[in-house]
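Pasting a structure here, questions to come.
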Amino acid sequence: MSEPKNFESPKPEPVRYNFSQIEKKWQEFWDENKTFRAMEDPKFPKDKRYYVLDMFPYPSGAGLHVGHPEGYTATDILARYKRMKGFNVLHPMGWDAFGLPAEQYAVKTGVHPAITTKDNIDNFRRQLKMLGFSYDWDREVDTTNPKYFKWTQWIFLQLHKKGLAYIAEVPVNWCPELGTVLANEEVPEQVEKGFTVIRKPMRQWMLKITAYADRLLEDLNILDWPESIKEMQRNWIGKSEGAEIFFSLKNSDEKIKVFTTRPDTIFGATYLVLAPEHLLADRITTDKQKPVVEKYRRETSLKSDMERTELAKEKSGVWTGACAINPASGEEIPIWIADYVLVSYGTGAIMAVPAHDTRDFEFARKFDLEIRVVIQPEGEAPLDSKTMTEAHSHIGVMVNSKNFNGIKSNEEKGFKNPAILAVVESLEKQGVASRTIHYKLRDWLFSRQRYWGEPFPLIHRQDGTIETVDEKYLPLTLPTVESYKPAGTGESPLASIAEWVNTADQSGKPALRETNTMPQWAGSCWYYLRYCDPHNDAVFCDPKKESYWMPVDMYVGGGEHAVLHLLYARFWHKVLFDLKLVNTPEPFMKLVNQGIILGEDSQKMSKSRGNVVNPDQIIEKYGADSIRLYEMFMGPLTQTKPWNTNGVEGVYRFLQRVWRLYTDEQGNLSGKIQDVDPSIELMRVLHKTIRKITDDIESLSFNTAISQMMIFVNELTPIEIRPRKIVEPFILLLAPFAPHLAEEIWAILGHTKSLAYQAFPEYDTALTVDDEVTIVLQVNGKLRDKLQLKKGTDKSITEQMAKEKVASWIQGKEILKVVFVPDKLVNIVVKG
RNA sequence: GCUCGGAUGGCGGAACUGGUAGACGCACAGGACUUAAAAUCCUGCGGGCCGAAUAAGCCCGUGCCGGUUCGAUUCCGGCUCCGAGCACCA
């Protein structure tokens, strides 16, 4: 570490410290000295390496908002703290820079998205550097850089080789305004923005994420993630164990396959329902019913998904005229068509058990279908299907179920439930059912009709087959185009660039390039790996470097990526793991979602509300250390909390008091700081502070760490002789939070090296407790008095003193009991 | 409807494994310094009994109702409200 260039500290005005000068000085120092460069130093054992990662931003034209520094400051505090604790820290930053806004701007202005993107990145980098984050900027990545997306394309080829990428004609979410299709995961967000999304069959690239459904579900158990996020992923994957059961038709050889998670209720299946789009719906309908069925199917096909769910309150449907045979009871049951059954889930057909399913119950009531109770709750009056007002849950004993009667159906789902197991085994023996596991998770729709994305390294041969571009020709870069506008026909703007599209296959025959591009999520699926080895042109990430740093120890970002990026990245990572290209089964061991910062009016910040706080302005007025400290002081990291500029003023005042604690009016070391032995009281103040701050950083309770620093400064300010042994370590405690001010004061204290790698102070447990304690005196549990005693005073003495102190409360009353908690309290329980 | 969070002064929030509720900060009020202001410093600041004021004391108080306990912001049962997510998933 070399010395800071300008070692003379800037002369601030009396009283106030010159934050802008100090912050600039140290930012330049860190930059020039590459203070935070991370190296794969073998001296650090695995448990002394720490990879702390932020979700990299999309560099929008608007620049940083105050939400960004929240998570970034939290990780920066951790990074700086861990370095001081002797860890080798990897703390990188980069840009998730492909995406629609730059492209839409290009459509409007004709400016190439690469130019807009570069400007935006420069602005983001400038802003982040102004906040003094200790990133290793040599590891910066940019997903739109061909050197980066070369490897995104390469990983896609590995997926393709493994058979995990395929092209299919599927009903997709087509958005006419955006001129592109969207992933299921993206739909809610765009609909919220006011775009329409319709279902339309198109030929699209898909990634077989469903092949990993079980592992993505299972491995959630080993992750230290917020329970809510894990639950969202579990629900999104939506695993359900059950059976596919075949119902034969009365007058036909056709069979209808239904999926159910409750085969134990099969004797109560009094009708079947097919989704309107079900392939058999047309074929089984009787001539007589044909007109009504066709009308119904036409009507539902015109409804959007939204309309179908909004109208969910009122069930609708029509009878096909056909009947099926219940394979368990042998009874004839009608087959209906209704849009409350979805074609996209299970087999698109259900056996309806109205007595034990609310939806089936509503439907049966409306169309006067038979309701038959087959599970009787134990210890209750027998259920009467005629008078039932709602469907009953299925926990109880099987009834009306022939030889299954009496078997218990408990709260267990799947085959652990004895009733389900018994019925399935029996149906399997008859050859009319098989155990099945269904997932809600669909394969990932991976192509977009956009310009500003990674081109697929694929070629369509004349014969309709597909050939992959040889790895040695990667990256396959984007051509320049005249217009960035989507063709609107479902083709990307690339389709109109003849010289790019027209190419030759390996045999030299004319062929066409794939013109779709990858979705924005592609680049973020593996960026955390590239940080481990960002400049490698030979491999996407050297396995040695990967195993040096991975997995990510701490990942901080917004909760909005719960089922998007966080699921996609886990999927890619598992594929790479199977290819033995990475060594860890999961990429992010610990995840923390920072809370949203609301405007001063406690509403979500938005331009239209006019409540957006611009970090540049806050930095200009109060400095980076103030905004860092304020955002951490607002409240718990994970909590949603409103911005309050007065609060910034508060921490700014605190930093001024810190400055005045160490300096005189000329900005030199204060004469009050002296090399004298501190009193035991001051030692206790210091060690309590070290302990509180250490514990709080470890548990990410930055708000209470800061309040402890304030307490420390409040205690030391009135003291005229400030022992160096007390005040010097405090600067190291402050350093992760307010690094510029801390570096400056550290230098003023006479140090010639940056404090970035100074050992974080350790505390002596004996010095974190007082030798005098306050004993709380209660009578009947109510606080009546207090007692100052030496720590460890024994029971009889304490109780004796307590009784004297609260004599007026216990006089003349019978003492029933005395509760004594050493060094804490005495509670005297009296009668009356 | 289901799942997951949450509810503490005027405000943001603190409170270890059940043991002094309101740390720290903001706002506000009063005072010192100043010709004045800013900055800074000092004092007060949950509600009530409570008044011109002082000191002390007592009562109530952590969304609501109930329980366990010597003692509950903390544990248990029931409810209300707010936020987030999912939503006809068979």
Side-chain angles (χ1 to χ4, degrees), chain A residues 13-16 188 226-232 234-236 238-240 242 258-263 265 269 273 275 308-313 315 338-342 344-353 356-360 362-363 438-441 559-560 562-563 593 595-596 600 602 629-630 633-636 638-651 653-654 656-657 660 692 695 701 703-711 713-714 717-718 774-786 808 816-821 823-830:
Chain A
E13 286 176 36
V15 187
R16 282 163 179 260
E227 202 43 53
S228 61
I229 300 280
K230 291 210 241 181
E231 200 55 27
M232 278 166 78
R234 282 189 196 107
N235 291 339
W236 191 262
K239 178 179 182 173
S240 36
V258 306
F259 174 68
T260 180
T261 56
R262 304 302 308 202
T265 62
V273 185
R308 268 168 83 157
T309 42
E310 256 162 41
L311 296 168
K313 284 150 201 113
K315 292 273 179 293
D339 67 359
Y340 81 93
V341 173
L342 308 175
S344 53
Y345 186 79
T347 59
I350 63 154
M351 61 176 211
V353 186
H356 303 288
D357 181 282
T358 24
R359 295 147 303 168
D360 297 343
E362 280 170 34
F363 192 81
H438 267 286
Y439 297 92
K440 276 201 285 182
L441 184 71
E560 68 274 13
V563 290
N593 296 126
I596 297 164
E600 297 209 73
S602 292
L629 213 56
Y630 172 64
F633 187 58
M634 290 171 85
T638 55
Q639 192 171 303
T640 302
K641 42 207 179 274
W643 180 270
N644 176 5
T645 300
N646 281 326
V648 187
E649 193 95 43
V651 294
R653 285 204 277 260
F654 162 69
Q656 300 296 352
R657 293 214 306 279
R660 290 197 301 268
K692 178 85 180 128
D695 292 351
S701 307
N703 54 332
T704 48
I706 293 165
S707 76
Q708 183 61 38
M709 291 188 229
M710 289 171 168
I711 291 168
V713 171
N714 290 348
T717 298
T774 306
I775 308 281
V776 172
L777 306 182
Q778 296 181 343
V779 176
N780 288 349
K782 280 203 166 118
L783 174 74
R784 292 306 179 194
D785 215 326
K786 291 170 203 173
S808 65
L816 299 173
K817 186 177 179 182
V818 178
V819 179
F820 172 73
V821 181
D823 296 334
K824 278 238 168 103
L825 100 165
V826 176
N827 184 13
I828 301 167
V829 185
V830 297

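Each chain gets a letter, A, B and so on, in the order its sequence line appears, and its residues count up from 1.
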### Query
A:Gly650 near the nucleic acid: base, sugar-phosphate alone, or nothing, with a heavy-atom cut-off under 4.0 Å?
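It contacts sugar-phosphate atoms only.
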### Message
Could you identify the nucleotide paired to B:A53, looking across every strand shown and requiring Watson-Crick or G-U wobble geometry with both distances under 3.5 Å?
### Response
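In the structure as shown, B:A53 has no Watson-Crick or wobble partner.
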### Task
Go ahead and name the base partner of B:C41; Watson-Crick or wobble counts if both distances stay under 3.5 Å, otherwise write none.
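Pairing partner, where one exists within any strand: B:G31.
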### Message
Looking at B:C41, I'd like to know if its phosphate oxygens (OP1 or OP2) sit under 4.0 Å from a side-chain N or O belonging to A:Arg660.
### Response
yes
#### Entry: Inter-residue atom distance A:Leu783.CG - A:Leu777.CG, 0.5 Å rounding
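Spacing of CG (A:Leu783) from CG (A:Leu777) equals 8.0 Å.
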### Side chain of A:Lys782 - closest among B:A90, B:C70, B:C60
B:C60
### Query
B:C24 phosphate, OP1 or OP2: any side-chain N/O from A:Asn703 under 4.0 angstrom?
no
### Query
Do A:Asp357 and A:Thr265 come within less than 4.5 Å of each other through their side chains, counting heavy atoms only?
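The answer is no; the side chains never approach within 4.5 Å.
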### Message
Output the rounded distance in Å from CD (A:Glu649) to P (B:U40).
### Response
8 Å
### Query
Expressed as a whole number of Å, how far does the P atom of B:U54 sit from that of B:G30?
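Nearest-Å result for B:U54 against B:G30 at atom P: 15 Å.
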## Note on the structure
Partner of B:U74 under the Watson-Crick or G-U wobble criteria, both distances under 3.5 Å, comes out as none
### Message
Using a 3.5 Å distance criterion without hydrogens, assess whether the side chain of A:Tyr630 forms a donor-acceptor pair with backbone atoms of A:Thr645.
### Response
no
### Task
Can you figure out which of B:C88, B:C41, B:A14 approaches the side chain of A:Thr704 most closely?
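Among B:C88, B:C41, B:A14, the one nearest the side chain of A:Thr704 is B:A14.
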### Task
Rounded to whole angstrom, note down the C1' distance from B:C81 over to B:U8.
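Nearest-Å result for B:C81 against B:U8 at atom C1': 16 Å.
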### Query
Counting any heavy atom closer than 4.0 Å, what does A:Pro226 reach on the DNA or RNA strands: base, sugar-phosphate only, or nothing?
nothing
### Task
Evaluate the side-chain proximity of A:Asn714 to A:Arg657: yes if any heavy-atom separation is below 4.5 Å, no if none is.
yes
### Query
Touch check for A:Asp357, heavy atoms < 4.0 angstrom, all strands: base, sugar-phosphate only, or nothing?
nothing
### Message
Output the rounded distance in Å from CE (A:Met709) to C1' (B:A14).
### Response
16 Å
### Task
Specify the separation, in whole Å, of atom CG of A:Asn235 and atom P of B:A84.
18 Å
### Task
For nucleotides B:G46 and B:A55, find the distance between their P atoms and express it as a whole number of Å.
15 Å
#### Entry: From CH2 (A:Trp236) to CD1 (A:Ile229), nearest 0.5 Å
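With rounding to 0.5 Å, CH2 (A:Trp236) is 13.5 Å from CD1 (A:Ile229).
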## Note on the structure
Tightest non-hydrogen contact, residues A:Thr347 and A:Val258, listed as OG1-CA, 3.3 Å
### Message
Measuring to OP1 and OP2 of B:A90, would you say a side-chain N or O of A:Ser240 lies under 4.0 angstrom away?
### Response
yes
### Message
With syn defined as a glycosidic angle within 90° of 0 and anti as the rest, where does B:G31 land?
### Response
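In terms of base orientation relative to the sugar, B:G31 is anti.
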### Task
Give the rounded distance in Å between these two atoms: CG of A:Asp785 and C1' of B:A56.
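It works out to 12 Å between those atoms.
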### Query
Is the shortest side-chain N/O distance from A:Asn780 to OP1 or OP2 of B:C70 below 4.0 Å?
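False: A:Asn780 side-chain N/O out of range (4.0 Å or more) of B:C70 OP1/OP2.
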### Task
Report yes or no: does A:Lys817 contribute a side-chain atom to a donor-acceptor pair with the main-chain N or O of A:Asn827 at less than 3.5 Å?
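Flag not set: sc A:Lys817 to bb A:Asn827 has no pair under 3.5 Å.
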### Query
Contact class for A:Gln708 (heavy atom, under 4.0 Å): base, sugar-phosphate, or nothing?
nothing
### Query
Watson-Crick or G-U wobble partner for B:G22, using a 3.5 Å limit on both distances?
none
Where do N or O atoms of nucleotides 18-20 of chain B meet protein N or O atoms at under 3.5 Å, pair by pair?
unit_1, atom_1, unit_2, atom_2, d
B:G19, N2, A:Gln778, OE1, 3.0
B:U20, O2, A:Lys786, NZ, 2.7

### Task
Nearest whole angstrom, please: distance from the P of B:C26 to the CG of A:Asn644.
10 Å
### Task
Return the 5'-most residue of the pair A:Tyr345, A:Phe633 with respect to RNA chain B, ranking by each residue's nearest nucleotide.
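Its nearest nucleotide being more 5', the pick is A:Phe633.
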#### Entry: Gap in Å between the two P atoms, one belonging to B:U62 and one to B:C4, rounded
26 Å
### Task
Give the rounded distance in Å between these two atoms: CG of A:Leu342 and C1' of B:A87.
11 Å
### Any A:Gln708 side-chain heavy atom under 4.5 Å of A:Thr704 side chain
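No, too far: nothing below the 4.5 Å cut-off.
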### Query
Using atom C1' of each nucleotide, how far apart are B:G13 and B:U73 to the nearest Å?
14 Å
### Query
Starting at CZ of A:Phe259 and ending at C1' of B:C88, how long is that distance when rounded to a whole Å?
16 Å
#### Entry: B:C65 versus B:A52 - spacing of their C1' atoms, nearest Å
43 Å
### Query
Which base sits across from B:A15 as a Watson-Crick or G-U pair, both distances under 3.5 Å?
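Pairing partner, where one exists within any strand: none, as none qualifies.
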### Query
In terms of the angle between their ring planes, are A:His438 and A:Tyr345 parallel, tilted or perpendicular, with boundaries placed at 30° and 60°?
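Ring orientation of A:His438 relative to A:Tyr345: tilted.
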### Task
Return the minimal non-hydrogen interatomic distance between A:Asn780 and A:Val830, and the atom names on each side.
OD1-N, 2.9 Å
#### Entry: Residue whose nearest RNA chain B nucleotide is more 5′ - A:Met634 or A:Thr261
A:Met634
### Task
Measure from the side-chain heavy atoms of A:Arg653 and tell me the nearest of B:C70, B:C24, B:C26.
B:C26
### Query
Parallel, tilted or perpendicular: which describes the rings of A:Tyr340 and A:Phe363, with under 30° parallel and over 60° perpendicular?
tilted
### Query
How would you label the contact of A:Asn714 with the nucleic acid (heavy atoms, under 4.0 Å): base, sugar-phosphate, or nothing?
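Touches sugar-phosphate only.
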### Task
Can you tell me the pairing partner of B:G5 across any strand shown, Watson-Crick or G-U wobble, with both distances under 3.5 angstrom?
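Paired with B:G5, as far as the under-3.5 Å criterion goes, is B:C82.
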### Message
Rounding to an integer number of angstrom, what distance separates B:G12 and B:A23 when you compare their P atoms?
### Response
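Each nucleotide's P atom is 15 Å from the other's.
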## Note on the structure
Closest of B:C70, B:C88, B:G12 to the A:Val829 side chain is B:C70
### Query
Distance between the P atoms of B:G5 and B:G9, in whole angstroms?
23 Å
### Message
Is A:Lys641 close enough to B:G12 that one of its side-chain N or O atoms is under 4.0 Å from OP1 or OP2 there?
### Response
no
### Query
Counting any heavy atom closer than 4.0 Å, what does A:Ser228 reach on the DNA or RNA strands: base, sugar-phosphate only, or nothing?
sugar-phosphate
### Query
Atom CD of A:Gln639 to atom C1' of B:A14: distance rounded to whole Å?
12 Å
### Query
NA contact type, A:Arg784, heavy-atom cut-off 4.0 Å: base, sugar-phosphate, or nothing?
sugar-phosphate
